[in-house]
Trainee: 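Okay, handing you the structure first.
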There are 2 protein chains.
Amino acid sequence: MGDGKRGRPRAFDREKALQNAMELFWQKGFDNTSLSELTACMGLNPPSLYASFKSKEGLFNEALARYEETEGKGIWEHLEEAATAREAVEQLLHASALNFSRQDKPKGCMIVLSAPQMCGSSSTICEELRLKRKRSMQLLHSRLERAKREGELPEQTDCAGLANLVLTFQHGMSIQARDGTSRQTLVKLAEQFISAWECLIHIR
Amino acid sequence: MGDGKRGRPRAFDREKALQNAMELFWQKGFDNTSLSELTACMGLNPPSLYASFKSKEGLFNEALARYEETEGKGIWEHLEEAATAREAVEQLLHASALNFSRQDKPKGCMIVLSAPQMCGSSSTICEELRLKRKRSMQLLHSRLERAKREGELPEQTDCAGLANLVLTFQHGMSIQARDGTSRQTLVKLAEQFISAWECLIHIR
DNA sequence: CTTAATATGTATTGATCACTACATAAAAGG
DNA sequence: CCTTTTATGTAGTGATCAATACATATTAAG
């Protein structure tokens, strides 16, 4: 009898606490977020945090995973299903503009902004974030290569260079968003960029 | 009679100490740079630092001013003297690519990377950095407006939008540079971007 | 010399950092 | 009931943070 859980039940909502921690890390970055701020916004005391998430770094890793699964998902989900590479990039940048400027959410991308100096106290986290940025690059690159194979993009197109160009711009959008650039302006930025598509794909 | 300086002479080279502090702030950001690291790399003790630079924040302000005067100068100096807006932007991005990837220097731009979350311990510094980024935007914007008046750019060109586009890309280049992107790749990114110029200026 | 002015090194301030020892509370199993 | 298991709140740990108190050292002025 019972649900199989023995000891004293946890007094806080783990999902909700993790969500709050994620938004705080997203807003302030890993190093600039203190444990006292975390425990305050999560509604628990340090021992509960360490029992549930192992350490500040463990909490960040879970928060980052949650970010990718929930907050950042919409940016990349249409990459493969888009009919053309152009539409894929258009949706990528448009979704980024919207995603980076949602009300009551930290502006910009957590993966770009939460340890941008690449020399924080946890080199593990810095490297993890860098890897995620690199994987995004590879994801877009392979989508563009597919478009070349399908005949959409000319043979001369430098797919790696184009992917790099698009994501460099997207990373810049995170800085702009965090600087207070309006949703309207961010969307216009994305539209302006994609308008130059025909020029961009003929660069070798 | 002497040179007018009374007390005990300072035992460290102020310029050299400031240069070292600047490079450390540039590398690690304001909050992630500790006083013990600063005093170590500057070759002095805390009382000397505070006597010369007032506070950590005062030291950062001087370091930032020095950065603009020396390290970051080359990026913007050709903006007005360039014959065309296209050349101005081309040189801006090319110089950025080179500047962001110099050997034995922190990669990327100090103004973008030293407090990117915009919620560091010193809101004064965050706002100061944001203002500098905004001023760069205005500088480029007015250069583009000049080009429109001179007939180089078509009347339909959205100069504010174009300036925003270029600097968003340049900010992204700082992230890429800090992520380890090679000088060669950064230069190629700049060249790819400017290759789309004819498309970009016809966007309204 | 004495005095004033400035810079120095040592040692330390209270605050905050990430983290934990420990006793207690609340559940299930027996 | 008692034992086991898990979670909790209180109250800390030593380390490091930015910043200083203070006595001493080194210069110029008088």
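Below, read A as the first sequence line, B as the second, and so on, with proteins coming before strands; counting in each chain starts at 1.
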Trainee: Whole angstrom is fine here: how far is it from NZ in A:K28 over to C1' in C:dC17?
Mentor: 13 Å
Trainee: Answer yes when B:E127 and B:R130 have at least one side-chain N-carboxylate O distance shorter than 4.0 Å, and no when they do not.
Mentor: yes
Trainee: Which comes earlier along DNA chain D counting from the 5' end, the contact point of B:D31 or that of B:R8, where each point is its nearest nucleotide?
Mentor: B:D31
Trainee: Whether the B:H202 and B:E198 side chains hold a donor-acceptor pair (N or O, under 3.5 Å, no angle test) is what I'd like checked.
Mentor: no
Trainee: Taking only heavy atoms on the protein side, list every residue of residues 53-66 of chain A lying under 4.0 Å from any atom of DNA chain C, sorted numerically.
Mentor: A:K56
Trainee: If you take any heavy atom closer than 4.0 Å to DNA chain D, which residues from residues 33-48 of chain A end up in contact?
Mentor: A:N45, A:P47, A:S48
Trainee: Would you say that more than 12 heavy atoms from the other residues, nucleotides or ligands in this model lie under 6.0 Å from the NZ of A:K134, or not?
Mentor: no
Trainee: Applying a 4.0 Å non-hydrogen cut-off, can you work out what A:A51 is touching in the nucleic acid: base, sugar-phosphate, or nothing?
Mentor: nothing
Trainee: Does OP1 or OP2 of C:dT20 have a side-chain N or O of A:Y50 closer than 4.0 Å?
Mentor: no
Trainee: Rounded to whole angstroms, how far apart are CG on B:N32 and C1' on D:dT16?
Mentor: 14 Å
Trainee: Atom CZ of A:R6 and atom C1' of D:dT3: how far apart are they, to the nearest Å?
Mentor: 8 Å
Trainee: Can you check side-chain hydrogen bond (donor to acceptor under 3.5 Å, both in side chains) on B:E81 and B:H78, steps first, answer last?
Mentor: CA-CA 5 Å; B:E81 67 193 49; B:H78 299 299; 2.9 Å; yes
Trainee: If each of B:G7 and A:A11 is mapped to the nucleotide of DNA chain D with the nearest heavy atom, which maps nearer the 5' terminus, i.e. the 5' end?
Mentor: A:A11
Trainee: Tabulate below the donor-acceptor pairs under 3.5 Å that side-chain atoms of residues 57-67 of chain B make, not counting sequence neighbours, or state none.
Mentor:
| residue | atom | partner | partner atom | Å |
| --- | --- | --- | --- | --- |
| B:E57 | OE1 | B:S122 | OG | 3.2 |
| B:N61 | ND2 | B:E57 | O | 3.3 |
| B:E62 | OE1 | B:R14 | NH1 | 3.1 |
| B:E62 | OE2 | B:R14 | NH2 | 2.8 |
| B:R66 | NE | B:Q19 | OE1 | 2.7 |
| B:R66 | NH1 | B:E15 | OE1 | 2.7 |
| B:R66 | NH2 | B:Q19 | OE1 | 3.1 |
| B:Y67 | OH | B:M110 | N | 3.2 |

Trainee: Can you check whether A:R183 reaches A:R102 side chain to side chain, under 4.5 Å on heavy atoms?
Mentor: yes
Trainee: Figure out the CG/C1' separation between B:L49 and C:dT6, and round it to whole Å.
Mentor: 16 Å
Trainee: Side-chain N or O of B:R10 less than 4.0 angstrom from OP1 or OP2 on C:dA7?
Mentor: yes
